[in-house]
Amino acid sequence: MTGSQKREVRTQFGALCYRVHNEETQVLLITSRTRGRWIIPKGWPVEGATPAEAAATEAYEEAGVSGKTFNICLGLYSYTKMMAGDDMDLPCAVSVFPVKVKKVLRDYPEKAERKRKWFSIKKAAGKVREPELRKILKHFDPSLLER
């Protein structure tokens, strides 16, 4: 793979995991593996899975949650993925899909690698670094999904 091919923007699918707790919408954020920044679960496309299904798989693997997935893209954000053992970083565009959390699991594949925490929408928006993701979080209204 040449350097120019490596710099092409890659597509990922992210899960905005949420619940309504005491009449307040909360969002589940996880930490990134390398730097410990607050992010949403996200990952690569999966052959045979819709984007929303791929996002739900990431929610399970990275955050240990499952629930109702909506086939609605809430928006896009971009970030640069730091590649381990590689001097090339990868620009990524993430399509974000809502997941209404029904189950929070004690054990899940990446439990030892990440922390997870529920935040109010406002606090979650303040914790993430990417401006477009911050905007998606600030404008998220789950009542629009249940119509």
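No experiment lies behind these values; they were computed from the predicted model shown. One-based numbering along the sequence shown.
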- Please list all pairs passing the ring-ring contact (aromatic ring centres under 6.0 Å, His included) test where one or both residues lie in residues 98-142, with sequence neighbours left out. Tyr18-Phe140, Trp38-Phe119
Would you tabulate the side-chain donor-acceptor contacts of residues 127-134 under 3.5 Å, counting partners in other chains and residues two or more places apart, or write 'none'?
unit_1, atom_1, unit_2, atom_2, d
Glu130, OE2, Arg37, NH1, 3.3
Glu132, OE2, Ser78, OG, 3.2
Arg134, NE, Ala125, O, 3.1
Arg134, NH2, Val128, O, 2.8
Arg134, NH2, Arg129, O, 3.1

Given 3.5 Å as the limit, does a donor-acceptor pair link the side chain of [X] with the main chain of [Y], or not?
| X | Y | result |
| --- | --- | --- |
| Arg114 | Thr31 | yes |
| Arg19 | Val101 | no |
| Lys68 | Lys102 | no |

Rounded to the nearest 0.5 Å, how far apart are [atom1] of [X] and [atom2] of [Y]?
| X | Y | atom1 | atom2 | result |
| --- | --- | --- | --- | --- |
| Lys100 | Ser66 | NZ | OG | 13.5 Å |
| Asn71 | Thr50 | CG | OG1 | 5.0 Å |
| Leu74 | Asp141 | CG | CG | 10.5 Å |
| Lys81 | Arg10 | NZ | CZ | 11.5 Å |

Kindly give the heavy-atom pair with the smallest separation between [X] and [Y], and that separation in Å.
| X | Y | answer |
| --- | --- | --- |
| Val9 | Cys92 | CG1-C, 4.2 Å |
| Ile121 | Leu137 | CG2-O, 2.9 Å |
| Glu8 | Leu90 | O-CD1, 4.4 Å |
| Val99 | Ala15 | CG2-CB, 3.9 Å |
| Glu24 | Ser120 | OE2-CB, 3.2 Å |
| Pro142 | Thr25 | CG-OG1, 3.4 Å |

Side chains of [X] and [Y]: closer than 4.5 Å at any heavy-atom pair?
| X | Y | answer |
| --- | --- | --- |
| Cys73 | Pro51 | no |
| Val104 | Arg116 | yes |
| Pro109 | Tyr60 | yes |

- With Asn22, which residues qualify under side chain to side chain donor-acceptor pair (under 3.5 Å), at least two apart? none
Grouping I, L, V, M, F, W and Y whenever their side-chain heavy atoms are under 4.5 Å apart, do [X] and [Y] come out in a common cluster?
| X | Y | result |
| --- | --- | --- |
| Phe97 | Leu76 | no |
| Leu16 | Val65 | no |
| Val27 | Ile30 | no |

- Task: Show the numbers, then the answer: is there a side-chain contact (heavy atoms from CB on, under 4.5 Å) between Leu29 and Ile40?
- Result: CA-CA 5 Å; Leu29 296 181; Ile40 63 170; 3.8 Å; yes
- Message: Is the terminal nitrogen or CZ of Lys42 (NZ for Lys, CZ for Arg) located under 6.0 angstrom from the six-membered ring centre of Tyr77 and within 45° of that ring's axis?
- Response: no
- Among Glu113, Glu62, Glu61, which residue meets the salt bridge (charged side-chain N to carboxylate O under 4.0 Å, His left out) test with Arg33? Glu113
